[in-house]
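The block underneath contains the structure these notes are about, expressed in structure tokens.
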Amino acid sequence: MQGLASLSAPVQGTGFSGALNLQRALALGALAALLAALALLPGLAGPGLQLVLLSGAGALLAATGMVAAVQALATRRRRTALNVLAAALAADAAPCVVTDLRAGRVLWVNDAAAHWRGLHAQDSMADWLSEWRAAPAQAVAHLLEQVAATGDATARLGIAAGTLCLDLRHVRPDLVVWRLAPHGMNPVAEDEIGMSPALDRLPVGLMRIGHDGGIASLNLEARRLLGLRDGECPDLADLLDGPGRPVDDWIAEAVSGRSANRTEILRAKREAVSDFLQVTLRRIDAAEGPRLYAVLSDATEFKALEDKFTQSQKMHAVGQLAGGIAHDFNNLLTAISGYCDLLLLRHDSGDPDYPDLIQIRQNANRAAGLVRQLLAFSRKQHQEPEVLDLGDTLRDLAHLLNRLLGERVTLTLAHGDDVPPIRADRRQMEQVLINLVVNARDAMPLGGEIRIETRPLVLVQETRRGKARIPPGTYALIEIRDEGVGIPADRLPRIFEPFYTTKRPGEGTGLGLSTVYGIMKQSGGFIFADSVEGQGTTFTLYFAACDPVQAAADTAPADPPALPPVRRDTGTILLVEDEVPVRAFTARALEMHGHAVIEAESGEAALELLADPSLHVDLLLSDVVLPGLDGPAWVDAARRDRPDVGVIFISGHVEDHLPLSGMSVPNAVFLGKPYTLQELNALVSEKLG
């Protein structure tokens, strides 16, 4: 055996075979104790016999000590020899095993042997040879006898894919080195023994799986991805969760050929390098039967992107639903608030019904606020950005916030120096602050302090917080801290999801924080939450600083208003609205103002009316979303013959997200629902003028 002859040199010539063991020492000690006991028993022996017995016990004790010393010396020399062997064979590319001389019990293996069929210390070579020999114990005993007699032995095992050579060498005192060398094996068969060093260097995880689902062999990258220690080869089902079904069933299908070359993304059951692994099974037919191989790669980032895309699709679907609900709500609220305005015209403040009508209008306005929340959540809320000074905004809002908080909660404002102005919608900005402060109040049932701080922040390079990437630039930060109960760590990542709430049933809709998130994203800002249970929560808002040139232009004094145009008091209006209550209220409101109103329920009906050249119309008032032709489509057709007629579009959708047909309508204005009696008449009078 090349390289092994020199290994025995450091420990040869010791003269100890290791036959004297601890059992012999114990037997001698027990016999000495027995002789001493017989000598000391009173009346059992005379003085002469006692002397003989005690002398024999002393001699046996001396022999016991000598045996123990010899055994300890042999054990130390054996350990030294084993250490020398381990240092010499650790880097050997061939599988090397060190066993004892008497039973073939494995004492040490190098990495190549550990990766090859999972040989471990304390294993038996007879068990390992059982796959190729009918009587493995006799084969191992014969090889060890030959080694004890001659110092070395060789054997060749014929296996299905080639020949396996066994080269044994005796190393004193009582160790045997086995070197295992395959010959004449093809690349597929080589895996029968284990992954070669070349495969261990690949950056891709490779693994062979047995028909029973156990891992037969794997390379270093696969071991790293699965978080396995050297020599550990459990069943794959113990490591990974199946693709919606047991892993064993998936493997059985792959072995049978029903799902060959199929790729699945599996979740790791225990802590490993990767939370998710992409596993591709490949069935290869060999002479001894089909074999199953697996290619593993880290799919954690891919799975995160997939989940993010799925969540985005879900949010998009819910956003479309929210937009549709908002449109229908706005139609209903237009009718409710409109008829309430008509009733208020006939009741003065002294009328007993006047307070009830005011309550109806106020609750209709609250419902309109809920609709705006839905639109903000779906990011379809119309924005009117302006330059805002955060200090002025917070001071203006402080009175309202204090009224919302009550007596047990204290609000503290701390406005930092040199905080840059931001460009945002004032109404939406106030909604964000109110929602966050009310949430902080609800988190402190026993009272406490809510602190709102503002400060500037300059990022010189891109910064990551969680999954968000904040580009470099100047920002104005708002931090809202409370001393409440905090949010559990497992719930914190979900707080911005729609309809998800950490409050008790009946105390929250789950739309507050999702609305805030929608407004922040629509405004181009960022929001983050940090919380510790029992200590409180901090929300941090990032707003990009407004360009100083733009801020100066927006805050410059406006030109004096031009003289208003001469307006006509009345005119003929063609009203097109498919919602009957909205059309009825709008027609009554216009007629009460002195206008002549012609009603139509669709664009096609309006075009039929306008086909009469004798019909004079001063203004077209149309809903955008109509059955059949939408508002812009029929208005565009009508203005071919009447190019000078004015147009007002009304809709429950947001102006920036109207389902238009792509036709541009010049000189048209927009009136969003729900609108009041005063807003309608004011816009109609302006358009007629």
Side-chain angles (χ1 to χ4, degrees), residues 93 95 109-120 161 185-286 288-310:
V109 297
N110 67 354
D111 288 341
H115 294 160
W116 175 48
R117 291 188 166 273
L119 272 170
H120 303 92
M185 302 178 67
N186 57 44
V188 174
E190 188 173 349
D191 190 72
E192 183 68 22
I193 298 176
M195 295 294 181
S196 68
L199 294 180
D200 274 341
R201 289 193 292 269
L202 289 178
V204 178
L206 300 176
M207 180 169 58
R208 187 174 69 80
I209 304 173
H211 294 183
D212 59 352
I215 300 176
S217 58
L218 70 171
N219 68 350
L220 290 178
E221 178 64 12
R223 193 176 295 278
R224 185 188 71 84
L225 290 173
L226 293 171
L228 297 177
R229 297 185 299 273
D230 287 346
E232 189 178 5
C233 288
D235 289 347
L236 195 62
D238 296 334
L239 299 174
L240 301 173
D241 268 335
R245 57 193 174 124
V247 171
D248 291 337
D249 294 349
W250 182 43
I251 293 174
E253 286 188 6
V255 172
S256 65
R258 296 196 302 271
S259 62
N261 303 331
R262 184 172 177 180
T263 300
E264 297 284 357
I265 294 181
L266 309 180
R267 179 193 294 271
K269 284 186 175 180
R270 63 185 189 180
E271 186 176 352
V273 174
S274 305
D275 294 330
F276 293 92
L277 289 176
Q278 180 173 292
V279 182
T280 302
L281 296 182
R282 179 69 178 265
R283 179 177 181 265
I284 297 178
D285 294 325
E288 64 277 8
R291 297 187 177 189
L292 193 62
Y293 293 86
V295 178
L296 290 75
S297 58
D298 189 349
T300 302
E301 186 173 353
F302 172 79
K303 188 65 176 176
L305 290 174
E306 183 183 51
D307 292 343
K308 192 173 182 180
F309 177 71
T310 302

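Both backbone and side-chain heavy atoms feed into the values below; hydrogens, waters and symmetry mates do not.
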Should [X] and [Y] count as side-chain neighbours, where that means a heavy-atom distance under 4.5 Å?
{"X": "Leu206", "Y": "Glu221", "value": "no"}
{"X": "Val279", "Y": "Val295", "value": "no"}
{"X": "Leu296", "Y": "Val204", "value": "no"}

What distance separates Met207 CE from Leu292 CG, expressed to the nearest 0.5 Å?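 Result: 9.0 Å between the selected atoms.
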From CG (Asn219) to CZ (Arg224), nearest 0.5 Å: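 With rounding to 0.5 Å, CG (Asn219) is 10.5 Å from CZ (Arg224).
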What is the minimum heavy-atom distance between Ile209 and Ala294, and which atoms define it?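 Distance-wise, the nearest heavy atoms are CD1-CB, 3.9 Å.
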